[in-house]
Amino acid sequence: MNLLLDEIARATTRLAEAGVASPRADAEELAAAVHGVSRGELHTLPDSAFDARFWEGIARREAGEPLQHITGRAFFRYLELSVGPGVFVPRPETEVVAGWAIDTLREMDVADPVVVDLGTGSGAIALSIAQEVPQARVHAVELDADAHRWASRNIENLDERGQVTLHHTDFAQALPELNGLVDLVVSNPPYIPMSEWEYVPRDVRDHDPAAALWGGGDDGLDAVRVVERTARRLLRPGGFVAVEHSDLQGAPVYWIFAEENGWRDQRNRRDLTDRDRFVTARLTTE
């Protein structure tokens, strides 16, 4: 075992004792970021290349700081996003939501589909759609000033074809010029009830922005209700919506997209752990 791998093993023990959920993966990712290599290349580094800043990162992670804030990057589908304090760190569960949106757009008989991402945060969903559906025109909406800056940075760095337009506004008032013209609306809105504060992991509640976590209302779903109304306004007849929620909110979110409001084909969809994760619906063509 070389020096770096030995240090990673020691760091893994420290992180495990601190309660980090994925200690080995986090130690390897921190080592890779500090040394400028991939995790698969860690074993190739000579002992002389060891950088003691690795232990600074381990101490920060041990204290509860999110891994992505320390490395400054988050991986989402085929993207490497810049992230840090002030923006929600995209989760693997949301990759399934983005994947459904991408598959749906590819199946549409529309030459240049128009997409709206409400609450874009880092820009993860919007940029994934732009990268994987080259003909799509994507409008990313973000009200929070800090998150907007992160999204702007990622769009500038990753939107090679200029498909994504970033808008600094809220869900409810967003994009009136697109009323009735949008093919797909997608959103990962805040949805955690404040009553569940104590059950939220420390590194999430202490470091992710509050505006991206707490959804409002006794059930945490006020922001989802705003998404429903905005999607109903923006979508063309036959257009689709996809909204993420917690694994315990599938039924109430399903009923927010009620038939009396013009929704059809409502479905609860599951993530890779087979838990309810997002609701999709289609605006009636009548």
Side-chain angles (χ1 to χ4, degrees), residues 1-95 98 120-125 127-128 142 144-158 188 190 192 197 199-214:
M1 181 180 292
N2 66 23
L3 174 62
L4 179 56
L5 295 185
D6 187 48
E7 298 296 270
I8 289 171
R10 292 174 53 209
T12 298
T13 299
R14 275 182 53 175
L15 294 180
E17 291 173 350
V20 173
S22 52
R24 179 73 186 193
D26 285 19
E28 290 182 354
E29 180 59 34
L30 285 166
V34 167
H35 294 90
V37 298
S38 70
R39 286 172 62 183
E41 296 172 316
L42 291 171
H43 69 283
T44 67
L45 287 176
D47 292 353
S48 60
F50 178 73
D51 190 329
R53 290 179 300 168
F54 169 67
W55 285 106
E56 296 176 13
I58 292 297
R60 291 168 65 184
R61 186 72 185 104
E62 194 175 22
E65 189 172 347
L67 171 68
Q68 296 85 353
H69 285 194
I70 303 169
T71 64
R73 64 188 186 185
F75 298 99
F76 187 89
R77 291 183 68 85
Y78 303 105
L79 299 172
E80 181 179 322
L81 299 156
S82 296
V83 296
V87 70
F88 184 77
V89 174
R91 289 354 190 226
E93 310 91 86
T94 308
E95 294 186 37
T120 198
S122 65
I125 295 177
L127 285 164
S128 290
E142 181 56 59
D144 183 83
D146 290 333
H148 186 274
R149 282 191 288 271
W150 284 106
S152 179
R153 176 178 174 179
N154 283 316
I155 291 168
E156 181 179 354
N157 292 336
L158 300 172
N188 178 17
I192 304 175
W197 181 89
Y199 303 109
V200 177
R202 182 184 64 174
D203 57 348
V204 174
R205 72 188 188 203
D206 290 352
H207 295 278
D208 275 319
L213 298 177
W214 317 114

Within a strict 4.5 Å, meaning less than it, do heavy atoms of the [X] and [Y] side chains meet?
| X | Y | result |
| --- | --- | --- |
| V37 | L45 | yes |
| T120 | I125 | no |
| P90 | N188 | no |
| Q68 | F75 | no |
| L30 | T71 | yes |
| L158 | L81 | yes |

Where is the tightest heavy-atom contact between [X] and [Y], given as atom of each residue plus distance?
| X | Y | result |
| --- | --- | --- |
| A11 | A27 | CB-CB, 4.2 Å |
| D144 | G86 | OD2-O, 3.8 Å |
| L3 | D47 | N-OD1, 2.8 Å |
| W150 | P85 | NE1-O, 3.1 Å |

Kindly say whether [Y] contributes a backbone atom to a donor-acceptor pair with the side chain of [X] at under 3.5 angstrom?
| X | Y | answer |
| --- | --- | --- |
| D51 | H35 | no |
| R24 | S22 | no |
| R61 | E65 | yes |
| D208 | V89 | yes |
| N2 | P46 | no |

* **Crowding at CZ, R153 (>12 non-hydrogen neighbours, <6.0 Å)** =>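 Check fails, neighbour count at 12 or below.
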* Asked: Relative to the ring of H69, is the ring of H207 parallel (under 30°), tilted (30 to 60°) or perpendicular (over 60°)?
  ->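 The rings of H207 and H69 stand perpendicular, inter-plane angle above 60°.
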* Asked: Who passes salt bridge (Lys or Arg N to Asp or Glu O under 4.0 Å) against E62, sequence neighbours left out?
  ->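 Residues passing salt bridge (Lys or Arg N to Asp or Glu O under 4.0 Å) with E62: R14.
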* Asked: Cut-off 3.5 Å, side chains only: do E41 and S38 have a donor facing an acceptor?
  ->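 The answer is yes; a qualifying pair exists.
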* Partners passing side-chain contact (heavy atoms from CB on, under 4.5 Å) against H148 (at least two apart in sequence or in another chain) ->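 Counting only residues at least two positions away or on another chain, H148 forms a side-chain contact (heavy atoms from CB on, under 4.5 Å) with E142, L166, H168.
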